[in-house]
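Naming convention: chains lettered A, B, ... in sequence-line order (proteins, then strands); numbering from 1 in each chain.
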Amino acid sequence: MMVEMTETENHTNEESNLPILFHNWFLSKGWQIYDHQQTLISHFNRGNSCLLIAPTGSGKTLCGFLPSLIALSKKRLKTRYKPKLHTLYISPLKALTVDVQRNLQLPIEQMGLPIKCETRTGDTNQLKRNRQKALPPDILLTTPESAELMLAWPNASSYFSNLSSIIIDEIHTVIGNKRGDLLSLSITSLRKYAPNASFIGLSATVADSLQLARWLTPAPEDVAIVSPKITKKIEIEIYHPKTNEIPYAGHSANYAVADIYKMIQAHKKSLIFVNTRAQAELLFQSLWKKNTDNLHIGLHHGSLDATQRRKVEKAMSEGSLNAVVATSSLDLGIDWADIDVVIQVGAAKGTSRLIQRVGRAGHRLGQPSKAIIVPANRFEVIEAVAAQENVRKGKLDQLIEYPGSLDVLAQYIVGRAVAGSFDAEALYQQILTAPPYRCLEKDTFFKVLEFVSTGGYALEHYEQFRRIVKGIDGLYRLTNQRVATRWRMNVGVIVETTTLKVKFARGPALGEIEEYFVQSLREGDSFIFAGRILAFVKINKMDVIVEPTIAKEPKVPAYAGGRLPLTSDMSETVRQILKSTEVHKSLPAPVQEWLKFQQRYSKLPDTDTLLIETFRRGERYYLVAYGFEGRNAHQTLGMLLTRRMERQHLKPIGFVATDYAIAIWSLEKVRDPIGLFTTDILGDELEEWMAESTMLKRSFRQVATISGLIDKKIPGKEKTRKQVTINSDLIYDVLRKYQPDHILLEATRQDSARGLTDIRRLSDLLNRFENKITHINLPQISALAIPLLLEVGRESVMSTALETMLEELEVELTKEIGKTE
Amino acid sequence: MNNSTTILSRYKSQKYEKAEIAFCGNIFWLYSDGSCFHNQSKTLVVADLHLEKAFAQSNATLLPGYDTDETLNLLETALNRNEVKNCILLGDSFHNTSSAQLLARPYKEKLLQLSKVRHFKWVLGNHDPLLPDFLPGEQCQSTYIDSIELRHKLEQNENERLVIPTGGQIIGHFHPKAKLRLRASNTSGKCFIFDKRRMIMPAFGVSTGGLNITSRAISDLFRTKPDIYFCHKTRLYHIRNISILRE
């Protein structure tokens, strides 16, 4: 719907085509309106949907809101005030909604616009929510989950009916994942309620912008793609240590802390990115130990309490911090104009991610972004060079799409019943307009519908408990209000491991750590968290009570997930760099030497062959393969190879996988190493392994939670809700045995195909190097294998080792008893 | 090799290993499925099957009902492991009375088939104080093996005080489980726990939760240091070192 504009109020400045008020505001700021901002406004005025693709720091977000601000400023003068939602902004990141609100408040206040702009997320208090429901603001900033909850309101249809603009931010981060699937389904509801609203998609630069348009709407040809030619200069430097020491393995970059501190000193405001929360805590600690100048250094990661994070964000935007150590929690949009350097500690693992992070620095057009990569180990030096190379060439990572997942669909269908009633056929047609679901079979849709209403089990006596029934009018409705309550508690696709709140006995919460880690703590044990050293006191319900301590060797909490594998574009560049000795000359001396040793005593990996080394060390025979296909693919390869070796009675004992290579050790010598790597390993062994693997069980747990079969665990709520706690592994085993064609198992298989992109990488690797394997038998360990063997011991124990440990325990105890008796 | 990914190449047998114990002057064979066999009287004891648990809850959730199939299959395996003449089901065999009444035909048939060559004794529990008549065998509040009393939970007299049994006692009800702190990780699972006078059996049903044996409700029932047999896969592990138990 176009916003009404009457001649009398349409005083625009001829030159900028902006209303006078806005034109003057731009002038007062000393800004000029960019072409792409103007293009967007005119597209919006014609009622077109747009996709704005621009690098960070190009005024992208303001640009997305500009048409709404202009429309609202005019409309308000004309019509009597009756609150209706005009603009809905959806961002995948909660923190971003807060930030965008802050940034929008500025023009609204300075121009004195009568526009109400509010956020609504999981953090919004009940009072404000109720008010928003009764009196909507003009502009609402929210997350996909909160939007989906609102869309299930009984009055959703009238609430959203006046929407003129729907802004979806950071689209590139939701493509190909379940959050994107849910958002895409929610958008079909929005389109139904507000058929005339324009969509404005905002995204960072991607390899293929049409892909984004296809995701935003089923009619991508009607989307105007606005992609300003902004070339942002990026200067990436790689840190060379003066001490000539670079560790072989590890991720802490401890060797460089003194120099990282110097970098902070040399800049006004630095942003330091690491890859995992544990690394963030460690680096933060080491920096404070070196902090002789009393610089203000902050810490920011996803496990910290929201108020702590807000504090750091606020301090950073006010300019009272010199540096922040952050994880991907700060990857997206937050706009801090005056960061002058980004320090990436450890490899960023992907080009797009690196560019996104580097874009935080010099967050203004025309200003170059300056970044320094500090590799944590020798392989990462090579990876850093590869990243630098890819950024220079503008080689972005591909976004991979998948068909929409069925568990999300189940959740969405229940939501429609929560909202009121629905006609199955019409709902099916509507779902087809969500691009990820455009190929959904009708049969599958009805299977999912059957699942949400009865469970879809082949058990007769379950029929009596239909939760969603078809009435005589042909519409489907909810039979049980408890289903609605459960649905509201469980909306969303983020299934997290159980976490506990960390608190002082009297004082604020510091954040959350995983239950698994807490279990390993005894009273008095110390650990690093939220940038402090804490002593564990006790667990009180869902809180971990701690006190400050000055212990010397604190533990670091383990966090699930975290490390992302090397992208395939990166791995190709890494291979190229390894083979070109010319490039080696620019590398730090210890790395040059390391590669020289490899070349002299073994061989450098290249792009045409797969290098395998074997050697003996002590009682063990080692086999090392340099695949460069990322940690996950190598992990799978390790499982498959050991299985095969077991069958050949080679007595494999263990293996270790990194992003670059894999090492397996066995008690017997491998007779035919090349023979181990035939492609048929992905047939028999893979099938067999998959069926037993914990990976499928893990996906099933996620599928079962998202689809509403089991409840999400919400910290602190366990005691108050009557929860059916049931082991999802058990349901998985039982379903597989009794109803292998159940829809949730189908969803799990479909899902693991997503997670198995790494298996695709593995099969590509094996196919590519079939008959092109170079095997070298060495008298001793090779230079490149050293980092791998140093990783041994860092890996966690597999669950199958449990029996061994139980047996050890028995032996130990028998010994003890022998002594006493 | 410590702490690194380890592959066990030892022979994996699906056969359950028995743990032979002496309790109140009798020999019992314990199995990690949670069953207990008295060879002298050819009696198998299982507790807390909670059959039809998922079905009983299916108005609120959508859990699959195959837990009943699975538990009955396990029961069949346990019954065929040794020559069993009597089978005592130590209460809470059904998750609730109405789901027992509504028991689907295939499950009824399975129970009839299993009881053809054996005598079934259904001890009544708090979840199933009433059982339908179509179940094979007899129903009772408690029963005996030698001088050992078998009942679902502790007996209370009219003053709600616990009745102390004269001989030994085997009960279910508590679903005992143990959490262990091992060298490199923690694990938890069901377990048998007993001292000289009293034994608490683990729940046999597949979809049953558990109560940690460190909780007062269980630990207070043992005057002397109890023996703990931890169930893991096909084996039982005798836990003598209490310091590895976790709350």
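Using a 4.5 Å cut-off between heavy atoms, A/Ala704 makes no contact with chain B at all.
Contact between A/Val734 and B/Asp67 at its shortest, heavy atoms only, is CG1-N, 4.4 Å. Nearest heavy atoms, B/Tyr66 versus A/Ala458: OH-N, 3.3 Å.
Applying the 6.0 Å contact sphere to NZ of B/Lys196 captures no more than 12 heavy atoms from other residues, nucleotides or ligands.
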